[in-house]
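The structure appears below as structure tokens.
It should be emphasised that the depicted structure is a prediction, and the values quoted were computed from it without experimental measurement. Letters A, B, ... mirror the listed sequences (proteins, then strands); counts begin at 1.
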Amino acid sequence: MPRYNPGQIESKWQAYWEENQTFKTAEMPDSEKLYVLDMFPYPSGNGLHVGHPEGYTATDITCRFERMRGKSVLHPMGYDAFGLPAEEHAIKTNTPPRESTEKNIANFTRQLKMLGFSYDWNRCLATTDVGYFKWTQWIFLVLFDTWFDSEQNKGRPISELPIPDEVNAVGEIAVAKYRDEHRLAYLDDALVNWCAGLGTVLANEEVIDGRSERGNHPVQRIPLRQWMLRITAYADRLEKDLADVNWSEGIKKLQRDWIGSSTGAEVDFYIGDPAAYDSWKEARAEFGFPSKAEEHTLRVYTTRPDTLYGATYMVIAPEHPSVDVLTTTEQAETVKSYCEKASFKSDRERTEDSKSKTGVFTGAYAINPANGVKVPVWVADYVLISYGTGAIMAVPAHDERDYEFANKYEIDILAVVDPGDRKSVDRNAVLAGTQCFSGFGIAVNSGDYNGTPTEQFKETIREALAVQGTGASAVNYKLRDWLFSRQRFWGEPFPILHELNAKGEPTGVIRGVDESDLPVDLPYLEDYKPHGRPEPPLAKADDDWLYPVIDGKSYRRETNTMPQWAGSCWYYLRYIDPTNEDCFVDPEKEKAWMPVDLYIGGAEHAVLHLLYARFWHKVLYDRGHVTTVEPFQRLVNQGMILGEMEFSVFQDEYLNWVGVDKVSRDNDGLYRQEDGSEVQLIKLTEDQVAKQGDTFVLADDEAVRVDARSFKMSKSRGNVINPDEIVENYGADSLRLYEMFMGPLTATKPWSMSGVNGVKGFLDRVWRMIVNDRAESLELNEAISDKQAEADALKMLHKTIQAVTRDTENLDFNTAIARMMEFVNYFTKQNVRPRSVMQSFVLLLAPYAPHIAEELWELLGAEATLAYEPWPELDESLLVESTIEIPIQIKGKVKSRISVAADISKDDLEQAARHDEKMQELLADNEVVKVIVVPGRLVNFVTK
RNA sequence: GGCCGAGUGGCGGAAUUGGCAGACGCUCAGGAUUUAAAAUCCUGUGUCCGAUAGGACGUGCGGGUUCGAGUCCCGCCUCGGCUACCA
């Protein structure tokens, strides 16, 4: 085997690692621990994408590197295997989703093993394993058993929930109901996308423009009793604890914005009989601001209570409970049809064309508590029922949305904030109500408050409202409680039972399944087709499953299933103790291995997955099941890998070239701007293109501009790279190395096949540096010698050790590889290559290209794997240079270079620079005003 | 619209603190080897002027700070990603 043959070497070492259990991790760390985690992949039928190995290689390099540095490394892999595609496949083929899921998992495992990642495969798990989701269900029961104590700011057992006397007085059922209302997992009516045409409930991403993605049937939003998780209770902690984790600022900001906390005030507007307004006010002044608004008041949330005097109308969401009460008989028809139309629109649609706001007048008026002024109440879908109180006071002069709406429906605009003189704001226009200004300024038209700066006004009005009993400070979050049920088959069943009465009707009493009865497995179904009711497929299960009887009471099982997020919320904990049947994770082991030290994955999970997992973790923490406040210490998001660069241009119907700058696109297609005639996209090869200035043009016709860019990989574009093919043609080591060499881990970068070929060339040179490639059998290159290494060779080695160690620590893999390339370029030119130097180099290469490294390590005389060999140690004394080259500048431009002793003094360096022949020439006619001497760096003469 | 990130040769990218711009790789060109090709090895490869020596320019654009700016400050432009009426 004279030539480098990755196929042979790679399968040999993969088999070796597997047989010898090289990467099996001990139950408990026996040295400093390091937990390195990859984001949980969904095992899709398409197999691995080249984006997957990018992060996986990065973590694998880190793990192999740290093992060699003596750390106890935990590096597991598994599958987030519940999900829609498997269910779709099941419906189409009428095979259980488990079958296709397991097939896909097997394929993923084959591909991952083929890339030589050093996972402890004994810890592999899938969310669909019954032994795994038993504990997902168990954690759900923990959530069900927990209420949030806002005084202690933590989750506590439901048994510790204080029950108010008035509830206790009513009886047991009322107490149970009270508890159910306070659990972290609770039932509520939430809107779902019900598609009558398909007879099923759809996920948001399956709905496009209010119609089903499949079949184009209309989709209506209807309320359905569903499980919710009270993540909002933890919003504050989820936000604050971000301060203590080592994540990029960008991701932290994304999470903060998603949580979106804002502080402001809730204000009640009176909507009852005007004659009773004064007595209402008196009552409020006496009893204060109630926790729930009474029927004849409309409660709004605002972050700008200082603009209360500018509220010229109010808006309530179409789903607001007061719509019916408020609507007058004359307006009833209009309002009813408006609200109905709104129910067919998704939140996304409502917000999509935010330019054209719509709404209708209810006919009713409310009284502004600040000044007693009567304002009209409108219904409009630009106000969302799910945020704040579902109602707003509209201040068109100081809110863009209200301004737009008021203009459209000719509602009064009253300026109450004077912007003063500032750029980009026309003060007079603002004061006249013809320009909207949402910044801070000085109050006007606000009664006694005139002249108060916004910041201060917010405070004083809040206090005044509190005294009046018409308002109170409030905090709101953009984050909503987590809709946790799905009307699907392929998910974890809820471990929940609904009690039935003698007639088989639900009593409203719910209970968790006993821990000893977990797991609740999915039932057998005849088929997976929708049954035409807005109810989950599990309702089709037979009675044995659906109607259990416990202690003589009969129950109906919960038929919703959990969303895909559930399983990925805690998988990192199960890896620590994957086969434990008594406990979701052994507390000793959890304490020893947590937290995750390094977590790498794509930015697509920056918000939801990470927020959900952190939420569960905090609940488990509060309930004493885990010991860390945060699960993921350090988070790194790998960049996206784009397809190969593409050049494109257009042609008209007569095959004339049309430059990309001359073409526009609309809904009908592409057309030439000049005359609107249709054009076609033509792909070009690199040699048909030339660069001109900043742009690319046709090589044959420089007047025609060509588009040159890389696109996201997609099936439809046909630019997807399959890792199987790369491994087959270049080897896994080349794929790993290339993905790391492309550029910084976190950057978006385009794929390049010739780049892959380039790193393959590097591995070929590594091979030939050590192996005699002309021999019949595997033997060392003649240049390999047991002689003592010379100073230059050692210097090269230690420079490489220094750079590779530093870069690997910092995840700067691309530059580490560049340094190794320099090493190889140097030694292929040397006739003497000391064995010990080669051995050290092979160890440096091992984390990056482990298969070839193992093979060369063996050839250089080792008997066992290098996986636990000590990392080469840097000897800095070998790096010391006796002479260095110093650039000499005149006014900052390099004019000459001199060689001087490395430890030369400042004065001597200046003298040496002055005496340089070239400098004497250049400085002869000039007066030197100043000399900057930076020892070891440079000399700069400043001349007149 | 908002937020985040990025603009450096033909391409991907490199450049501790402000201190030799373009490491390393690809591409391309020339040469060696070969009957020939592949593979391999050597040389060159930012732009412009110049036969060479050498010189000028050069990190998206316009300003600024500095002896010195890819790096710092101000104002723009372009591209990419995420997000979208959150009162």
Side-chain angles (χ1 to χ4, degrees), chain A residues 3 248-251 253-254 257-258 260-262 264 300-304 307 315 347-348 350-355 357 380-384 386-395 398-402 404-405 438 476-480 603-604 606-607 639-640 642 645 686-687 689-691 694 696 708-710 712 738 741-744 746-759 761-762 764-765 768 773 806 812 814-822 825 828-829 885-894 896-897 929-932 934 936-943:
Chain A
R3 281 228 185 156
S248 73
E249 272 315 307
I251 296 292
K253 191 169 186 320
L254 274 177
D257 289 351
W258 192 265
S261 75
S262 69
V300 302
Y301 171 72
T302 177
T303 55
R304 292 292 300 271
T307 59
V315 183
D347 268 359
R348 156 111 26 119
R350 284 200 200 177
T351 59
E352 227 155 44
D353 53 350
S354 54
K355 297 237 158 58
K357 294 183 171 46
D381 66 6
Y382 81 90
V383 170
L384 307 174
S386 48
Y387 185 78
T389 59
I392 62 156
M393 61 173 212
V395 185
H398 306 291
D399 182 289
E400 290 289 348
R401 296 152 299 187
D402 299 342
E404 216 178 280
F405 190 84
S438 55
N476 258 294
Y477 299 96
K478 287 208 297 202
L479 184 69
R480 310 291 153 81
E604 66 273 21
V607 177
M640 205 193 328
L642 304 175
M645 167 105 93
E686 207 176 334
D687 52 330
V689 175
K691 180 126 183 181
D694 284 344
F696 284 90
R709 51 171 295 202
S710 298
K712 217 168 168 167
Y738 174 65
F741 188 59
M742 290 170 89
T746 53
T748 304
K749 20 191 198 270
W751 187 266
S752 153
M753 229 23 132
S754 45
V756 183
N757 201 40
V759 293
F762 164 65
D764 277 325
R765 286 197 295 282
R768 287 194 305 269
D773 68 324
R806 187 209 331 117
D812 291 329
N814 52 334
T815 49
I817 294 167
R819 295 288 93 83
M820 290 192 273
M821 286 172 168
E822 284 179 276
N825 290 345
T828 42
K829 289 187 181 124
E885 197 179 66
I886 297 286
I888 308 172
Q889 305 176 327
I890 292 179
K891 288 199 269 193
K893 306 241 178 215
V894 180
S896 181
R897 294 185 169 85
V929 192
K930 196 176 172 185
V931 185
I932 286 110
V934 186
R937 281 282 187 202
L938 53 62
V939 180
N940 185 12
F941 292 100
V942 185
T943 56

Nearest whole angstrom, please: distance from the [atom2] of [N] to the [atom1] of [X].
X      : N     : atom1 : atom2 : value
A:Q889 : B:C67 : CD    : P     : 14 Å
A:E604 : B:G80 : CD    : P     : 19 Å
A:R768 : B:A39 : CZ    : P     : 11 Å
A:D381 : B:C85 : CG    : P     : 11 Å
A:F762 : B:G12 : CZ    : C1'   : 17 Å
A:L254 : B:G5  : CG    : P     : 10 Å
A:D402 : B:C85 : CG    : P     : 14 Å
A:I888 : B:G19 : CD1   : C1'   : 14 Å

Give a yes/no answer on whether the side chain of [X] brings an N or O atom under 4.0 Å of OP1 or OP2 in [N].
X      : N     : answer
A:R304 : B:A87 : no
A:S262 : B:A87 : yes
A:R937 : B:U17 : no

What interatomic distance, in whole Å, is found between [atom1] of [M] and the corresponding atom of [N]?
N     : M     : atom1 : answer
B:A69 : B:C73 : C1'   : 11 Å
B:U43 : B:G70 : C1'   : 30 Å
B:G9  : B:A23 : C1'   : 14 Å
B:U17 : B:C26 : C1'   : 33 Å
B:U59 : B:C41 : C1'   : 34 Å
B:G64 : B:G54 : P     : 34 Å
B:A56 : B:G19 : C1'   : 22 Å
B:G46 : B:A37 : C1'   : 34 Å

Residue [X], side-chain heavy atoms: nucleotide from [options] that is nearest:
X      : options             : answer
A:P887 : B:C41, B:C20, B:C42 : B:C20
A:N940 : B:G68, B:C3, B:A84  : B:G68
A:Y301 : B:A87, B:A21, B:C67 : B:A87
A:K253 : B:C82, B:G80, B:C3  : B:C3
A:K930 : B:U83, B:C67, B:C11 : B:C67
A:M645 : B:C85, B:G80, B:C11 : B:C11
A:E885 : B:G13, B:C20, B:A87 : B:C20

Indicate the atoms forming the closest heavy-atom contact of [X] with [Y], along with that distance.
X      : Y      : answer
A:G388 : A:Y301 : CA-CB, 4.2 Å
A:V894 : A:P887 : CG1-CB, 4.2 Å
A:T389 : A:V300 : OG1-CA, 3.3 Å

Determine whether a donor-acceptor pair (N or O, by modelled atom type, separation under 3.5 Å) exists between the side chain of [X] and the backbone of [Y].
X      : Y      : result
A:N940 : A:G892 : yes
A:Y738 : A:M753 : no
A:R768 : A:T828 : no

Syn/anti label of B:G9 as read from its glycosidic torsion, with the cut at 90° from 0
syn

For [N], what is the paired nucleotide under Watson-Crick or G-U wobble rules, both distances under 3.5 Å?
N     : answer
B:U66 : none
B:C24 : B:G12
B:G1  : B:U83
B:G75 : B:C61
B:A32 : B:U40
B:A56 : B:U47

Starting at the 5' end of RNA chain B, which residue's closest nucleotide do you reach first, A:T303 or A:A747?
A:A747

Both A:M640 and A:D812 contact RNA chain B. Which one's nearest nucleotide lies toward the 5' end?
A:D812

Side-chain contact, heavy-atom cut-off 4.5 Å: [X] with [Y]?
X      : Y      : answer
A:D812 : A:R806 : no
A:I392 : A:Y382 : yes
A:F741 : A:M821 : yes

Under-3.5 Å donor-acceptor pair between A:R3 side chain and B:U40 base
no

Within the 4.0 Å limit for protein heavy atoms, which parts of nucleotides 23-32 of chain B are touched? Write it as a string from 5' to 3', B for base, S for sugar-phosphate only, - for none.
BBSS------

Hey, mind stepping through A:M393 and A:D402 against side chain to side chain contact (heavy atoms under 4.5 Å, CB included) and telling me if it holds?
CA-CA 9 Å; A:M393 61 173 212; A:D402 299 342; over 6 Å; no

